[in-house]
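Both backbone and side-chain heavy atoms feed into the values below; hydrogens, waters and symmetry mates do not.
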Amino acid sequence: MIIDGKQIAQRQKEHIREEVATLAARYGRKPCLDVIIVGENPASMSYVRSKIKATEYCGFDGELIQLPASVSEDELLRVIRERNENDRVDGILVQLPLPKHINEQRVIETISPEKDVDGFHPSNVARLWLNEDAIVPCTPLGIIALLEQSGTVFEGRHAVVVGRSNIVGKPIAKLLLDKNCTVTIAHSRTADLAAVCKEADILVVAVGRPGVITGEMVKPGATVIDVGINRTDSGKLVGDVDYESAAPVAGAITPVPGGVGPMTISMLMYNTLKCYNQRITNLSRNNH
């Protein structure tokens with residue numbers, strides 16, 4: 001079975017769009033997401049265009065702030081702080097990666113945790129691991145939605161996550177643990193990676209390198225989630241999994257493109273709406 005991320009994401013965006021229309025009528029304003037991009041990296045520009053298109057479809061307000069690649073770190077932080085203090089803004093997204101002269105962690109920590117739609121701020125990371133209400137990173141949240149929508153059974157299953165980043169690997173491992181999976185975190189240098197992957201009922205691959213996982217490394221009938229987005233020399237988009245050899249073995253698999261990517265953007269909309277609802281709730285409490 002091919003897990004169609006586009007279709008699942010579209011359904012979710014339709015639900016969000018309907019909810020936004022109701023909330024806007026009730027509270028007199030729409031959710032607002034401001035997106036900041038530094039420089040003109042083609043891949044980043046493409047991602048941002050997709051995100052802006054989704055915000056427009058869902059009925060959000062927002063602003064795209066484009067800054068030159070030469071912008072100073074202090075100036076970028078000033079722009080973020082302005083959005084932190086702006087009551088119009090519910091969510092702030094700074095498109096990564098950033099130019100090398102800018103400290104990404106400092107940028108992440110400057111975004112207000114209440115407006116951190118990416119879920120990267122240390123306070124959101126901590127809340128996730130403490131099982132408190134948190135803004136969860138979009139890609140892991142999207143992966144769980146894909147698995148749920150495809151009828152995946154979690155409890156008692158062995159999940160292997162190949163990748164240990166704070167953006168995908170570690171948070172998806174935590175979410176799978178919360179679903180009562182047994183979870184192994186591996187990476188590209190794991191000894192005998194093929195044997196580890198072969199044990200997985202659910203295999204999530206997020207290392208950013210094409211062809212890391214091939215069909216002979218997949219357990220027959222396993223569900224394979226390919227997070228990687230890589231471009232070949234010919235310009236073709238491919239994942240971290242060799243789709244041609246893995247698809248005949250897997251019970252279910254996400255394609256690249258069209259799998260995890262659309263769900264990541266859909267979950268960005270979900271997180272923005274969550275930030276909006278939390279701010280509405282907090283304002284209501286303060287007024288009483």
Side-chain angles (χ1 to χ4, degrees), residues 16 19-20 23-24 27-39 44 47-48 51-52 54-56 58-67 71-99 101-142 165-168 170-171 174-175 264-288:
I16 291 172
E19 186 174 352
V20 166
L23 291 168
Y27 297 113
R29 75 174 188 88
K30 303 174 182 178
C32 178
L33 173 64
D34 277 5
V35 179
I36 301 170
I37 183 169
V38 179
S44 292
Y47 294 147
V48 165
K51 291 168 183 177
I52 295 298
T55 62
E56 292 172 348
C58 290
F60 294 175
D61 285 332
E63 182 181 354
L64 174 61
I65 301 100
Q66 295 181 275
L67 301 173
V71 70
S72 69
E73 182 177 298
D74 286 345
E75 175 60 16
L76 174 57
L77 297 183
R78 184 192 66 77
V79 171
I80 293 170
R81 291 188 184 105
E82 281 185 353
R83 268 71 194 170
N84 285 343
E85 297 167 5
N86 190 330
D87 288 339
R88 174 189 66 84
V89 179
D90 298 295
I92 302 167
L93 183 148
V94 178
Q95 181 65 42
L96 303 179
L98 293 167
H101 69 278
I102 296 175
N103 184 319
E104 286 190 356
Q105 190 58 37
R106 191 177 175 201
V107 168
I108 289 168
E109 292 174 2
T110 299
I111 298 171
S112 169
E114 293 78 21
K115 299 185 178 186
D116 169 36
V117 290
D118 267 333
F120 297 160
H121 192 282
S123 68
N124 278 315
V125 174
R127 291 178 71 85
L128 170 64
W129 285 91
L130 291 171
N131 291 325
E132 298 177 359
D133 186 41
I135 302 170
V136 179
C138 303
T139 298
L141 203 57
S165 75
N166 292 327
I167 295 174
V168 179
K170 292 174 184 174
K174 172 62 169 62
L175 295 178
T264 297
I265 293 175
S266 175
M267 288 303 173
L268 173 63
M269 303 301 104
Y270 173 88
N271 279 350
T272 302
L273 184 57
K274 180 173 182 174
C275 290
Y276 168 91
N277 280 324
Q278 287 177 339
R279 293 187 70 227
I280 290 289
T281 300
N282 290 338
L283 285 170
S284 178
R285 286 174 181 167
N286 292 338
N287 291 336
H288 290 83

Q.
With side-chain contact (heavy atoms from CB on, under 4.5 Å) as the criterion, how do Val35 and Leu33 come out once you've worked through the C-alpha distance, each side chain's angles and the decisive distance to 0.1 Å?
A. CA-CA 6 Å; Val35 179; Leu33 173 64; 4.1 Å; yes

Q | Non-hydrogen side-chain atoms of Ile36 and Val79 separated by less than 4.5 Å | A | yes

**Q.** Heavy-atom side-chain contact between Pro97 and Ser44 under 4.5 Å
**A.** yes

Q) Are side-chain heavy atoms of Leu76 and Leu67 found at a separation under 4.5 Å? A) yes

Q | Side-chain (Glu73) to main-chain (Asn103) donor-acceptor, under 3.5 angstrom | A | yes

Q. Ignoring hydrogens and geometry, is there a side-chain-to-backbone donor-acceptor pair from Asn282 to Gln278 under 3.5 Å?
A. yes

Q) Does any N or O in the side chain of Asn124 come within less than 3.5 Å of the main-chain N or O of Val136, such that one atom is a donor and the other an acceptor? A) no

(Q) Taking the basic N atoms (NZ, or NE/NH1/NH2) and the acidic carboxylate oxygens, is any pair closer than 4.0 Å for Arg88 and Asp61? (A) no

Q) Any side-chain heavy-atom pair from Thr139 and Leu141 closer than 4.5 angstrom? A) no

Q: Determine whether Met267 and Pro137 make a side-chain contact, defined as any pair of heavy atoms from C-beta on separated by less than 4.5 Å.
A: no

Q: For the pair His121 (side chain) and Glu109 (backbone), establish whether a donor and an acceptor sit closer than 3.5 Å, ignoring hydrogens and angles.
A: yes

(Q) Closer than 3.5 angstrom, by distance alone: can the side chain of Asn271 be matched with the main-chain N or O of Ile135 as a donor-acceptor pair? (A) no

Q: Answer whether the closest heavy-atom distance between the side chains of Phe120 and Leu96 falls below 4.5 Å.
A: yes

Q. Heavy-atom distance under 4.5 Å between the side chains of Asn277 and Leu23, does that happen here?
A. yes

**Q.** Pair Arg279 + Glu114: basic N to acidic O under 4.0 Å
**A.** no

(Q) Could you check whether any side-chain N or O of Asp90 sits under 3.5 Å from a backbone N or O of Cys32, counting only pairs where one atom can act as donor and the other as acceptor? (A) yes

Q: Answer yes when Asp133 and Lys274 have at least one side-chain N-carboxylate O distance shorter than 4.0 Å, and no when they do not.
A: yes

Q. When you check the gap from the basic side-chain N to the acidic O, do Arg78 and Glu82 get nearer than 4.0 Å?
A. yes

Q: Tell me, yes or no, whether the heavy-atom count around Tyr270 atom OH, taken from other residues, nucleotides or ligands under 6.0 Å, exceeds 12.
A: no

Q) Does Gln95 use its side chain to pair, donor to acceptor, with the backbone of Val38 at less than 3.5 Å? A) no

Q) Distance only, no hydrogens: is a donor on one side chain within 3.5 Å (strictly under) of an acceptor on the other, for Lys115 and Asn86? A) no

Q.
Please check this pair: side chain of Asp34 against backbone of Gly62, looking for a donor-acceptor N/O pair closer than 3.5 Å.
A. no

